[in-house]
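Convention: sequence-line order gives letters A, B, ...; per-chain numbering from 1.
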Number of protein chains: 2
Amino acid sequence: MSPKIFSPEEKDAREQEMLDCARDIIKADGEVGLTIDKLVKKLPYSKGTVYNHFTSKEDILMALCHRHMTQMAELYVRALSFEGTSREKALAVHVGSLLQAKAHPDDFMMAITVKTAGCHDKASDARMQAHQHIEGKILTPIFNLFRTAYENNELTLPEGMAVEQLAFSSWSIDFGTQILLMGENRGCGLRTQLIVERELVNSINLLHDGMLWKPLAKDYDWKASIQRMKTEVFAKEMAIIKAAGIEMTV
Amino acid sequence: MSPKIFSPEEKDAREQEMLDCARDIIKADGEVGLTIDKLVKKLPYSKGTVYNHFTSKEDILMALCHRHMTQMAELYVRALSFEGTSREKALAVHVGSLLQAKAHPDDFMMAITVKTAGCHDKASDARMQAHQHIEGKILTPIFNLFRTAYENNELTLPEGMAVEQLAFSSWSIDFGTQILLMGENRGCGLRTQLIVERELVNSINLLHDGMLWKPLAKDYDWKASIQRMKTEVFAKEMAIIKAAGIEMTV
DNA sequence: ACCTGAACACCGTTCAAGT
DNA sequence: ACCTGAACACCGTTCAAGT
């Protein structure tokens with residue numbers, strides 16, 4: 001028999017097929033439930049073929065995270081297209097970030113895993129390069145928002161700080177709030193009274209007030225803005241959340 | 001032979017011995033390097049005896065995390081004893097948090113692992129209860145600081161927010177900053193110009209300014225305060241950091 | 001050139017056998 | 001009553017054998 005030769009398109013299609021399967025397993029059995037044996041059993045390929053596409057299990061997780069980040073980049077562009085002040089656009093980014101995490105909790109957990117564990121070491125170099133590229137794609141439009149707001153005198157830059165650092169502050173409080181309140185915080189004592197949607201918005205409002213980003217939180221109806229965001233730019237995410245029956249308080 | 005019976009003190013001493021050993025392995029080989037086989041080989045006990053003290057590997061990690069949290073509680077009390085305004089005390093808490101993480105990076109990583117993975121499910125119930133207890137011990141004095149500052153009109157509470165929520169905002173940005181910038185951020189593109197010490201202080205200053213916590217960042221010399229904290233309340237941590245040759249920029 | 005799956009090394013957990 | 005370690009189940013990775 002003449003050996004079959006695959007085109008790059010065929011290879012990529014198969015890779016996507018494998019990733020789809022991995023995603024399904026994680027959705028069903030959680031991240032720890034993802035096993036190469038299980039993956040291969042569900043796939044019309046052998047272990048060797050899977051390892052021909054990915055250098056390790058972590059490489060698979062990285063590739064899945066890569067997809068997730070691409071989705072986030074698209075979501076943030078949508079958030080920034082929200083009709084409103086620069087501060088409202090910034091708020092929209094965080095509301096979008098939260099809705100995405102609510103709609104796809106597994107993806108959010110995966111983003112943490114990839115940051116935490118020794119995934120960086122075990123993933124292929126090509127995969128890591130792709131990550132840097134997509135991270136830039138995510139951050140650049142956000143940096144631009146902060147820069148424009150600064151140039152228009154809508155926010156104040158503390159001495160010694162750059163706009164990138166302001167944007168990073170927002171990113172930190174967003175990520176920190178979601179990690180601390182997402183997932184299994186069932187009855188963890190003092191945290192029961194905290195609701196992720198409310199705390200995230202509160203924290204972002206405080207932080208942006210600290211930047212003197214006009215209008216200050218007390219000077220505009222940000223609750224109304226959020227409602228408008230949900231229908232005007234995040235209808236897709238809201239539909240998924242509603243369909244999944246996830247509670248929402250904001 | 002008459003079977004040996006151990007007193008609770010002996011049992012606890014042995015448990016601490018096991019935890020010390022686990023801590024050493026993690027310090028040497030990282031968190032993934034911790035193996036029951038390795039642990040038992042280094043210990044004068046068998047696998048069965050280890051499993052008599054801990055329900056699972058995750059239970060061991062939880063117990064280690066428990067120790068770490070106890071240390072944090074003690075450190076925060078020290079931070080709050082810093083001579084200064086309420087805002088300076090709050091800043092001291094975060095400076096302490098950072099110095100602790102710098103001095104004991106493994107402990108910090110472990111705190112994340114425990115929050116991320118399915119540790120909650122596999123740890124024993126007793127262990128989980130102990131966690132709630134120690135978490136309360138950590139947070140209560142911090143809540144009190146915020147409450148006192150509020151009662152003294154040193155900070156402004158946005159309408160609809162409680163002091164606990166303000167404290168939680170600070171916790172979130174602290175945790176988020178450290179996760180995003182600690183560990184393997186080697187050359188990750190846009191993050192290279194970000195330094196964890198600087199960003200954490202900048203972010204906390206912005207957030208506390210948003211609370212209108214007097215004195216505002218621009219109205220006092222917080223850099224001098226930080227220097228004073230290092231010598232007056234965090235000498236121990238600074239010594240460890242210096243001894244380990246870890247770079248510090250603040 | 002590419003795929004296959006048996007084989008390997010390793011790891012967490014258990015439990016029948018000991019004392 | 002408590003300890004022991006062989007045995008088990010499982011999992012990521014490799015690679016000689018195939019086509």
Pairs satisfying ring pair (Phe, Tyr, Trp, His ring centres under 6.0 Å), at least one member in residues 36-61 of chain B, at least two apart: none

Touch class at under 4.0 angstrom, heavy-atom based, for Thr49(A) against every strand present: base

Contact residues, residues 12-26 of chain A to DNA chain C [heavy atom, < 4.0 Å]: Arg14(A)

Whole-Å distance separating the CD atom of Glu58(A) from the C1' atom of dC11(D): 12 Å

Salt bridge (charged side-chain N to carboxylate O under 4.0 Å, His left out) contacts touching residues 96-113 of chain B (sequence neighbours left out): Lys102(B)-Glu197(B)

Contacts of Phe234(B) that satisfy ring-ring contact (aromatic ring centres under 6.0 Å, His included) - sequence neighbours left out: none

Residue whose nearest DNA chain D nucleotide is more 5′ - Lys38(A) or Thr55(A): Lys38(A)

Where at least one partner belongs to residues 233-244 of chain B, residue pairs that pass salt bridge (charged side-chain N to carboxylate O under 4.0 Å, His left out), sequence neighbours excluded: Arg78(B)-Glu237(B)

Donor-acceptor contact present, side-chain Thr177(A) to main-chain Ile173(A), <3.5 Å: yes

Residues which pass salt bridge (Lys or Arg N to Asp or Glu O under 4.0 Å) with Lys38(A), listed by chain and number, not counting sequence neighbours: Asp29(A)

Candidates dG12(D), dT13(C), dC11(C) - which lies nearest the side chain of Ile36(A): dG12(D)

For the student: nearest non-hydrogen atoms of Met128(B) and Ala123(B), plus distance: SD-CB, 4.2 Å

Tyr51(A) OH to dC11(D) P, straight-line distance once rounded to whole Å: 12 Å

Interatomic distance, His53(B) NE2 vs dT13(C) C1' [rounded to whole Å]: 17 Å

Nearest-Å distance for atom pair NZ/P, residues Lys11(A) and dA1(C): 12 Å

Any donor-acceptor N or O pair under 3.5 Å, side chains Asp125(B), Gln129(B): no

Interatomic distance, Asp29(B) CG vs dC11(C) P [rounded to whole Å]: 11 Å

Under the 3.5 Å Watson-Crick or G-U criterion, the dot-bracket string of DNA chain C, with | for inter-strand pairs: ||.|||||...|||||.||

Sugar-phosphate, base or nothing in reach of Lys122(B), heavy atoms under 4.0 Å: sugar-phosphate

All side-chain hydrogen bond (donor to acceptor under 3.5 Å, both in side chains) counterparts of Arg23(B), not counting sequence neighbours: Asp20(B)

Contacts of type side-chain hydrogen bond (donor to acceptor under 3.5 Å, both in side chains), residue Asp59(A), not counting sequence neighbours: Ser124(A), Arg127(A)

Lys122(A): partners by side-chain hydrogen bond (donor to acceptor under 3.5 Å, both in side chains), with sequence neighbours left out: none

Whole angstrom value for the distance that separates P of dT13(D) from CG of Asn52(A): 14 Å

Sugar-phosphate only, base, or nothing, as touched by Leu34(B) at under 4.0 Å among non-hydrogen atoms: sugar-phosphate

Listed partners of Thr113(A) passing side-chain hydrogen bond (donor to acceptor under 3.5 Å, both in side chains), at least two apart: Glu31(A)

Members of residues 39-47 of chain A that approach DNA chain D, where some heavy atom sits under 4.0 Å away: Lys47(A)

Atom-to-atom span, CG of Asp59(B) to P of dT13(C) - whole angstrom: 10 Å

